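Here's the structure, in structure tokens; my notes come after.
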Amino acid sequence: MKPRTRFAPSPTGFVHVGGLRTALYNYLFAKNNGGTFILRIEDTDRSRYVEGAVENLLEALEWAGLIPDEGPVQGGDYGPYYQSERTDIYLNYARQLVENGHAYYAFDTPEDLEAMRQHLRSKQNPNPKYDASVRGEMKNSLTMTDVQVKNELEKGTPRVIRLKVPEDRTFEFDDIIRGTVARASSEIDDQVLVKSDGYPTYHLANVVDDHLMQITHVIRGEEWLSSVPKHLLLYESLGWQPPVMAHLPLIFNPDGSKMSKRDIQSLDDLPQGKVDPDVASYIKKGYEKQAIINCIALLGWNPGEGDERQVFSLNDLVAEFSLQRVNKAAAIFDLQKLDWLNAEHIKARPTVELLPDVRTILQQAGIQVNSDDYLLRVIDLLKIRMHFMADFADKGAYFFRDPVEYDPDVLKKRWKDDSVKLLLEFCKEIVKLSPFTASAIESALRELAECEQVGGGRIIHPVRLAVSGTGVGPGLFEMLEVLGADTVVRRIKTACEKIPALKQ
RNA sequence: GUCCCCUUCGUCUAGUGGUCAGGACUCGGGAUUUUCGAUCCCGCAACAGGGGUUCGACUCCCCUAGGGGACGCCA
């Protein structure tokens with residue numbers, strides 16, 4: 001059977017890095033097995049609903065290339081894909097559970113619950129549960145007569161439906177990532193399944209939906225691990241077969257704390273030991289989507305023995321992914337590795353593909369680009385040493401306009417008393433070149449150096465400074481070829497006039 | 001507090017009884033006499049601790065410590 005996986009976020013705000021990884025793993029597992037990747041919106045908490053959160057989510061998935069096969073946008077045979085539109089379905093199953101004795105109505109008010117907890121709270125038991133030990137003293141359909149219950153229901157008294165967790169049972173299951181996990185039923189509370197507002201809780205809704213949507217593998221964060229027994233009991237009570245479970249390790253800040261949006265003002269000025277959990281921040285900063293995907297994929301997964309690749313495209317990941325190779329331990333999100341991967345992915349992108357993006361970036365920086373052909377050659381020269389796409393503007397501006405200033409440190413170090421003379425000689429030589437190619441330029445320069453009894457660097461460095469204004473960049477001769485003879489000569493002459501004055 | 005999960009270089013990790021414990025990022029050094037945050041090479045750096053099991057443990061078991069998660073009419 002082809003697997004069906006789902007990413008089931010709740011739209012309570014921004015898209016978390018950990019959430020994106022959960023989506024990624026669900027996607028990768030489904031695609032690796034020729035299965036179906038489903039998006040389901042878990043919006044059953046009306047009080048936490050955030051305007052625009054669903055749109056954010058959809059955008060982020062789209063950006064990352066994790067397109068669902070079924071979901072709110074695509075539709076599908078198992079919709080609706082918003083849980084808020086499925087309340088009657090959940091209610092039906094909840095009633096069924098009550099009828100079969102697996103669940104019961106409870107009329108306890110929040111005050112009643114607080115009183116109960118207050119009463120039971122102790123050092124040994126700081127968080128009393130609503131469970132088999134207390135449900136006999138509470139206001140519910142187990143302690144009330146049928147008539148009373150019927151009365152309250154008819155009156156519309158606020159009530160919830162709770163799961164009746166049996167005593168003295170142990171729930172055991174196999175998690176693909178963690179192996180066998182067991183938990184005693186005495187540790188589980190009588191979970192609310194339907195809230196007094198008529199909406200289901202996550203626990204009921206996810207079980208019902210996963211079954212109805214024929215989800216085969218539940219891949220989600222570790223925070224759900226301890227509620228699996230409840231879900232298992234639900235599957236059993238409903239007479240359903242539970243899906244395979246896989247609980248992913250968490251992702252943390254460099255200092256080991258939980259990633260929190262509250263810690264962050266800006267990505268460029270992160271608090272010590274913290275990292276931004278909001279995927280949108282990374283998109284905004286201009287990270288390559290492949291780099292983000294690559295990075296978070298490696299946070300908890302690796303291709304295994306003998307395969308020491310670090311750089312993966314989404315397709316590579318689809319081909320290699322397996323849940324068996326997902327790590328158990330939590331990982332720390334390392335921005336340095338992300339930055340390195342970002343540079344790798346820029347290098348890996350074909351120059352033609354880079355073209356429109358670079359053009360946009362240059363335009364945003366106020367740099368006029370006249371010829372795509374020219375831009376293509378510039379990108380070819382630069383992309384190997386760019387860490388961010390924005391670097392094309394910062395470090396490539398001189399390809400489009402003459403330098404207005406010269407790096408003082410480079411000037412001090414590289415500009416000698418004979419530089420003017422040598423550069424003007426150099427100009428005389430290169431104007432004769434036809435065609436104006438890197439190799440021809442190099443020969444001319446080497447010849448001149450020999451003739452003048454100086455090392456090549458004596459000319460190379462001042463030329464670079466004169467032409468680009470900086471001390472770093474691509475190989476000089478390739479750079480000059482792309483710039484063209486006219487530009488090179490013009491810039492050298494300008495520099496020969498301006499720099500001596502700067503040097504003093 | 002209870003229950004559950006986790007623990008190899010600073011970080012991400014390989015490793016499933018016998019390895020000089022491997023790779024990657026970061027950092028340091030060297031090379032490239034054309035720079036560089038590019039490239040290549042080299043280097044620093046780890047099995048949390050204690051018991052077992054075994055001829056032999058990073059690998060299996062137990063305990064301790066540390067970290068994390070859950071304990072809501074939130075997901």
Side-chain angles (χ1 to χ4, degrees), chain A residues 8-12 42-45 47-48 106 108-110 113 117 121-130 158-162 175 177-179 181-184 186-189 191-197 199-203 205-206 221-229 247 249-250 252 254 256-258 295 298-311 325 327-341 343 347 382-387 391 395 410 413-414 442 445 455-457 459-461 463-465 468 470-477 479:
Chain A
S10 71
T12 52
E42 310 231 329
D43 55 351
T44 54
D45 185 354
S47 62
R48 291 214 304 172
D108 313 281
T109 64
L113 294 176
R117 291 194 179 109
R121 190 150 21 226
S122 68
K123 248 195 211 120
Q124 283 68 37
N125 184 17
N127 295 304
K129 299 189 298 290
Y130 196 123
R159 76 293 192 146
V160 300
I161 295 177
R162 283 182 182 272
D175 186 280
I177 294 167
R178 277 148 218 290
V181 179
R183 201 167 174 212
S186 60
E187 296 296 328
I188 303 165
D189 69 330
Q191 177 65 49
V192 169
L193 300 177
V194 177
K195 297 177 270 187
S196 57
D197 63 5
Y199 282 84
T201 57
Y202 171 84
H203 304 283
N206 103 86
E222 189 186 349
E223 67 269 26
W224 296 110
L225 190 60
S226 53
S227 42
V228 172
H247 288 84
L250 271 20
F252 289 119
S257 64
K258 224 170 145 174
C295 185
L298 255 20
L299 248 34
W301 173 89
N302 72 82
E305 191 182 8
D307 191 341
E308 281 163 349
R309 282 178 294 169
Q310 303 290 327
V311 181
R325 296 213 56 86
N327 240 56
K328 295 182 216 285
I332 284 171
F333 187 37
D334 182 12
L335 277 181
Q336 289 181 315
K337 183 114 181 210
L338 204 213
D339 287 352
W340 176 76
L341 282 168
K347 287 177 207 166
L382 290 179
K383 73 172 181 183
I384 195 170
R385 55 194 80 217
M386 298 294 107
H387 286 189
D391 292 342
K395 290 163 191 174
V410 180
K413 185 175 174 192
R414 305 291 195 187
E442 176 159 16
L445 187 143
I459 305 172
I460 288 168
H461 297 300
V463 169
R464 178 188 296 283
L465 180 66
S468 72
T470 86
V472 302
L476 181 76
F477 307 113
M479 183 177 113

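In this text the structure is predicted, and so the values were computed from the model without any measurement. Protein chains get the first letters and strands the later ones, always in sequence-line order, with residue 1 at the start of each.
- Side-chain atoms of A/R325 do not come within 3.5 Å of backbone N or O of A/W301 as any donor-acceptor pair.
- Positionally, the nearest nucleotide of RNA chain B for A/W340 lies more toward the 5' end than for the other of A/W340 and A/V160.
- Between A/L298 and A/R464, the one whose closest nucleotide on RNA chain B sits nearer the 5' end is A/L298.
- A side-chain donor-acceptor contact under 3.5 Å links A/K195 to the backbone of A/T44.
- Classification of A/R48 and A/D45 as a salt-bridged pair holds, one side-chain N sitting under 4.0 Å from a carboxylate O.
- Remark: the separation of the C1' atoms in B/A21 and B/A14 is 10 Å, to the nearest Å.
- Here the separation of B/C61 from B/C27, taken at their P atoms, is 39 Å to the nearest Å.
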Measure all distances between protein nitrogen or oxygen atoms and nitrogen or oxygen atoms of nucleotides 36-40 of chain B, and list the pairs falling under 3.5 Å.
unit_1: B/C36; atom_1: O2; unit_2: A/R385; atom_2: NH1; d: 2.0
unit_1: B/C36; atom_1: N3; unit_2: A/R385; atom_2: NH1; d: 2.6
unit_1: B/G37; atom_1: O2'; unit_2: A/H387; atom_2: ND1; d: 3.4
unit_1: B/G37; atom_1: O2'; unit_2: A/H387; atom_2: NE2; d: 2.4
unit_1: B/G37; atom_1: N1; unit_2: A/K395; atom_2: NZ; d: 3.2
unit_1: B/A38; atom_1: O3'; unit_2: A/K347; atom_2: NZ; d: 3.4
unit_1: B/U39; atom_1: OP1; unit_2: A/K347; atom_2: NZ; d: 2.6

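- Closest of all the heavy-atom pairs between A/F333 and A/P254 is O-CG, 3.8 Å.
- When each of B/C73, B/A14, B/C12 is scored by its nearest atom to the side-chain atoms of A/R117, the top-ranked nucleotide is B/C73.
- The environment of A/K258 atom NZ is sparse: at most 12 non-hydrogen atoms of other residues, nucleotides or ligands sit within 6.0 angstrom.
- Annotation: side-chain contact (heavy atoms from CB on, under 4.5 Å) contacts of A/K328 (sequence neighbours excluded): A/I177, A/R178.
- Among the heavy atoms of the strands lying under 4.0 Å from A/P200 are primed sugar atoms or P, OP1, OP2 only; no base atom is included.
- Of the nucleotides present, B/U64 is the one that pairs with B/A48 by Watson-Crick or G-U wobble criteria, both distances under 3.5 Å.
- In a base pair of the Watson-Crick type (N1 to N3 plus N6-O4 or O6-N4) or a G-U wobble (N1-O2 and O6-N3), with each distance short of 3.5 Å, B/G1 is matched with B/C71.
- Comparing B/G66 with B/U53, their C1' atoms are spaced 26 Å from each other, to the whole Å.
- Atom P of nucleotide B/C73 and atom CG of A/L113 are separated by 6 Å, given to the nearest angstrom.
- Following rounding to the nearest Å, A/L299 (CG) and B/A24 (C1') show an atom-to-atom distance of 13 Å.
- Here, B/U7 and B/G43 have their P atoms 30 Å apart, quoted to the whole Å.
- One C1' atom belongs to B/G15, the other to B/C20, and the distance between them is 15 Å to the nearest Å.
- Interface remark: the A/R178 side chain does not form any donor-acceptor pair with the B/C5 base, using a distance-only criterion of under 3.5 Å.
- In the set B/A75, B/U26, B/A24, B/A75 carries the atom at the smallest distance from any side-chain atom of A/Y202.
- Evaluation of the side chain to side chain donor-acceptor pair (under 3.5 Å) rule for A/N127 yields no partner, not counting sequence neighbours.
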Name the pairs: protein N/O against N/O of nucleotides 31-33 of chain B, kept only if under 3.5 Å.
none

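- On the C1' atoms, B/U13 is 15 Å away from B/U26, given to the nearest whole Å.
- B/G43: Watson-Crick or G-U partner is B/C27, with both key distances under 3.5 Å.
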Would you list the protein and nucleotides 64-71 of chain B atom pairs, both N or O, that sit under 3.5 Å from each other?
unit_1: B/A70; atom_1: O4'; unit_2: A/S226; atom_2: OG; d: 3.0
unit_1: B/A70; atom_1: O2'; unit_2: A/S226; atom_2: OG; d: 3.1
unit_1: B/C71; atom_1: N3; unit_2: A/N127; atom_2: ND2; d: 3.4

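- Spacing of C1' atoms, B/U33 relative to B/A45, comes out at 33 Å, to the nearest Å.
- Scanning for ring-ring contact (aromatic ring centres under 6.0 Å, His included) contacts around A/H461 gives an empty result, with sequence neighbours left out.
- A close approach under 4.0 Å does not occur between any side-chain nitrogen or oxygen of A/N125 and OP1 or OP2 of B/U2.
- To the nearest whole angstrom, the two P atoms, one in B/U16 and one in B/G22, are 14 Å apart.
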